[in-house]
Amino acid sequence: MAKVIFNHQACKGCGLCVSVCPKHIIALSHEELNEKGYAPAECTDEAACIVCGFCATICPDMAIEIIEE
Amino acid sequence: MAKILMKGAEAIAEAAIEAGCQAYFGYPITPQNEVPEYFAKRMPKLGRTFLQAESELASINMVYGAASAGVRVMTSSSSPGIALMQEGISYLAASRLPCVIANFMRGGPGLGGIQPSQADYFQATRGGGNGDYYLVVYAPATLQEMCDLTKEAFDVAEQYRLPVMILADGTLGQMMEPVELGNYVPRTKADMTWAATGFQGGKPRSIINSLYIQPEELEERCLAMFDTYREIQAHEIRVEEFHVEGAQLIVGAYGTMARIVKSVIMQLDQAGGPKVGLVRPITLWPFPQEAFAKAAAQESVQAVLSVEMSMGQMVEDIRLAVNGRKPVSFFGRTGGMIPTAKEVREQILALCNGGKE
Amino acid sequence: MAKECRRPKALTDTPFHYCPGCTHGIVHRLVAEAIDHLGIREKTVGIAPVGCAVFAYNYFNTDMLEAAHGRAPAVATGMKRVRPDNIVFTYQGDGDLSSIGCAEITHAANRGENITVIFINNAVYGMTGGQMAPTTLLGQVTTTSPYGRDPKDSGYPLHMAELLATTRGAAYIERVSAHDVPHIRKAGQAIEKAFRYQMEGKGFSMIEVLSTCPTNWGMTPVQAMQWVKDEMVAQYPLGVYKDLGEKEA
């Protein structure tokens, strides 16, 4: 089973993943900034994720990985 | 091996080939076109690389690429072309890449002319491009010496990891002389594991680079380069001294000019004229300061004269070396004019005994 | 469902210094994925430009050279000629490739140098603060075209893919874009093909990637992607401009 992993520390909060998610389940977490001071992207509803890989494809910083579990 | 009669521009190419030069990149410019022409004929037959680049800028950067791969590589040009290469030469020096660059100097500044000159001395011995660096600069006076120094230049470049320049004037490119080749004895093979050739053999990743954004790092890098320069100054200075002991006048001259001075000195000697010595730097950088200082310090010496095919460039290094011990004067012609033996003789006599023979 | 997507081996662990949303990171990953997929990491030598990607030698986990501004194709030529078994690529921006290095790229293409060129076209000089590039669109405001690029003063956007496709030496020239997921995937395929052509000895290939510079364009990353789609693609049509294919090479 493939799974999408968000690496909060690698994220620069650019929001590109948010814009391409077909299920609209990625958001920037403004409550908890990462060490770089960015609002990192996170999945708001993992159960709804279809692992399309769009977010990982457009992420410029490889902060999103898809792994086989 | 027997001596063969060769043109300078061809002899230097053959010497480079003998030293294992694997690639030559160049761009046509008078008076050294026979260098690329000779390589163009020879290299393909040897399975080596010859490429005529689109500009000197491209040539020197192709040299950068081939040098990064750890092979022996060379380019040549003449003054305006060498000026165009300065960006690449600075990068080569900064990235600590070995290569050989030959400059057959012609009259300048600007497009100048195509007759021989020595007016690129400042450019060659002061680095030439941006930043703190030097090249090793050899100044051959004969074609045999040019061949021998070219072969050694490849060894020196690899040993110390820096570009080496053969600073010849146009005369040395165009004249013919007998040369003996096939006698190359290489120095100990230098460590080349820094070269970028891919990961084959499990070596660590190579990065050939001259960018250091942190000033502390860049300074450290420059300091390391200057450690190397001090080592070169300690071991690689080359100079010929001719009739120096007990001379009344010391003449400093290099390359073709030194040959003319030497013949004048021999003429004066035969005619029972004043005793004149020649100090001929073979390395212009590192400069043979000691040789000039010692020669000038002799009690017999009244004056020092620099004779150059320029408006006076090496004379500044001679003044620094003599350091006020004796008066240093200059004589030269420029723009492609070569001081004649007669002119040099008059200058020497004027300094020795008020112009009387 | 998507395949595994992890950091390629051909990238080091060093985080990119690029601004948030900059497509350099995407293209770096595509290049590294191609290198991994073709299994050529151990014989690849990359050449970094001057510009935002100047630090590419910190990111690509291959042997790397840093070239002077615009000279990467000449450096690549020197490297490839003496080490034909190595895979040599340059990674250059539009200031580097289409302005100061226009001679070097043109002649490398014309000679059919067997190298792969990744050309990032984002219509500005990014590193130096968003000045006008040869690729800047007409009317585009930059720090050195504050009233918009006027062709009477500064000429017209330079189309490098079209220009280089006219050289007989070029084997494969394609313009792709990194503005959305389908185009990024297509860009990845083009980049891999360009490397494959080099492995097969087909000669010069260049992939021009329309890219963003959100910081200097004064846009959010999402707006910048939209601007590429709406404005840049119109000016710089995507597609294959030259492909010698399997048989002609």
Side-chain angles (χ1 to χ4, degrees), chain B residues 21-25 27 43 47-75 85-92 94-95 97 99 129-130 194-213, chain C residues 9-10 12 14 17 35 40-51 53-88 90 100-111 113 115 127:
Chain B
C21 177
Q22 291 297 317
Y24 172 92
F25 302 97
Y27 185 82
M43 294 300 250
R48 303 186 195 179
T49 300
F50 164 82
L51 184 61
Q52 180 172 324
E54 60 270 27
S55 66
E56 288 90 351
L57 211 48
S59 316
I60 197 70
N61 281 285
M62 289 172 185
V63 166
Y64 183 99
S68 297
V71 306
R72 291 195 162 187
V73 56
M74 178 176 180
T75 187
M85 288 185 188
Q86 291 304 329
E87 171 198 80
I89 296 174
S90 172
Y91 276 65
L92 283 154
S95 303
L97 292 172
C99 66
N130 60 304
W194 51 264
T197 54
F199 282 21
Q200 286 113 327
K203 70 168 188 62
R205 192 162 84 92
S206 297
I207 300 174
I208 311 284
N209 175 40
S210 63
L211 177 66
Y212 296 89
I213 286 290
Chain C
K9 283 197 181 67
T12 65
T14 310
H17 71 282
I35 291 170
I40 52 174
R41 188 176 77 90
E42 302 204 333
K43 57 177 180 177
T44 296
V45 180
I47 298 162
V50 170
V54 71
F55 294 116
Y57 55 80
N58 285 330
Y59 307 137
F60 289 110
N61 193 11
T62 63
D63 277 6
M64 289 294 293
L65 316 181
E66 167 51 39
H69 200 22
R71 317 294 168 229
V75 172
T77 298
M79 168 63 70
K80 187 70 180 181
R81 290 286 178 124
V82 300
R83 299 274 188 209
D85 293 338
N86 283 119
I87 299 297
V88 179
T90 71
I100 197 167
C102 209
E104 285 76 11
I105 192 66
T106 305
H107 289 278
N110 192 46
R111 287 191 303 265
E113 292 296 340
I115 59 171
M127 177 66 105

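Nothing here was measured: the structure is a model prediction, and the numbers come from that model. In what follows, every chain begins at residue 1, and chains take the letters A, B, ... in the order their sequences are listed.
- Comparing C/Ile47, C/Val88, C/Asn61, C/Val54 by heavy-atom pairs within less than 4.5 Å of chain B, the highest count is held by C/Asn61.
- For chain C, the nearby part of B/Ala195 is the backbone; its heavy atoms alone come within less than 4.5 Å.
- The candidate with the highest count of non-hydrogen atom pairs below 4.5 Å against chain B, out of C/Ile40, C/Thr62, C/Thr44, C/Thr12, is C/Thr62.
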Next item on the list: For side chain to side chain contact (heavy atoms under 4.5 Å, CB included), just list the numbers for C/Val82 and B/Arg48, CA-CA rounded to whole Å, side-chain angles, deciding distance to a tenth of an Å, and then say yes or no.
Entry: CA-CA 8 Å; C/Val82 300; B/Arg48 303 186 195 179; over 6 Å; no

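- Proximity to chain B is absent for every atom of C/Thr106, based on heavy atoms less than 4.5 angstrom apart.
- For C/Asn110, no part lies under 4.5 angstrom from a heavy atom of chain B.
- The backbone N or O of C/Glu66 sits less than 3.5 Å from a side-chain atom of B/Tyr64, completing a donor-acceptor pair.
- Between chain C and the options B/Thr49, B/Val63, B/Val73, B/Leu211, heavy-atom pairs under 4.5 Å are most frequent for B/Leu211.
- Using a 4.5 Å cut-off between heavy atoms, B/Ile213 contacts chain C through its side chain alone, with no backbone atom that close.
- Interatomic distance, B/Glu54 CD to C/Ile105 CD1, rounded to the nearest 0.5 Å: 10.0 Å.
- Checking side-chain atoms of B/Asn61 against main-chain N and O of C/Arg71 turns up no donor-acceptor pair under 3.5 Å.
- In this structure, the side chain to side chain contact (heavy atoms under 4.5 Å, CB included) partners of B/Ile207, at least two apart in sequence or on a different chain, are B/Arg205, B/Asn209, C/Tyr57.
- Heavy-atom distances place both the backbone and the side chain of B/Ser206 under 4.5 Å from chain C.
- Looking at every heavy atom in both residues, B/Ala58 comes nearest to C/Ala74 through O-CB, 3.7 Å.
- No part of C/Ala76 comes within reach of chain B, as not one of its non-hydrogen atoms sits under 4.5 angstrom from that chain.
- Of the two parts of B/Ser95, neither the backbone nor the side chain holds a non-hydrogen atom closer than 4.5 Å to a non-hydrogen atom of chain C.
- Around OH of B/Tyr27, the count of heavy atoms belonging to other residues, nucleotides or ligands within 6.0 Å does not exceed 12.
- No other option in C/Arg41, C/Lys43, C/Met79 has as many heavy-atom pairs under 4.5 Å with chain B as C/Met79.
- In plain terms, the two heavy atoms of B/Ser68 and C/Leu65 that are nearest each other are CB-CD2, 3.5 Å.
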Next item on the list: Decide yes or no on side chain to side chain contact (heavy atoms under 4.5 Å, CB included) for C/Arg81 and B/Met62, but give the supporting numbers first.
Entry: CA-CA 9 Å; C/Arg81 290 286 178 124; B/Met62 289 172 185; over 6 Å; no

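- C/Ala67 touches chain B through its backbone: at least one of N, CA, C or O sits under 4.5 Å from a heavy atom, while the side chain does not.
- Residues forming a side chain to side chain contact (heavy atoms under 4.5 Å, CB included) with B/Ala94 (at least two apart in sequence, or on another chain): B/Ser210.
- At a threshold of 4.5 Å between non-hydrogen side-chain atoms, the residues C/Val45 and B/Thr197 do not count as touching.
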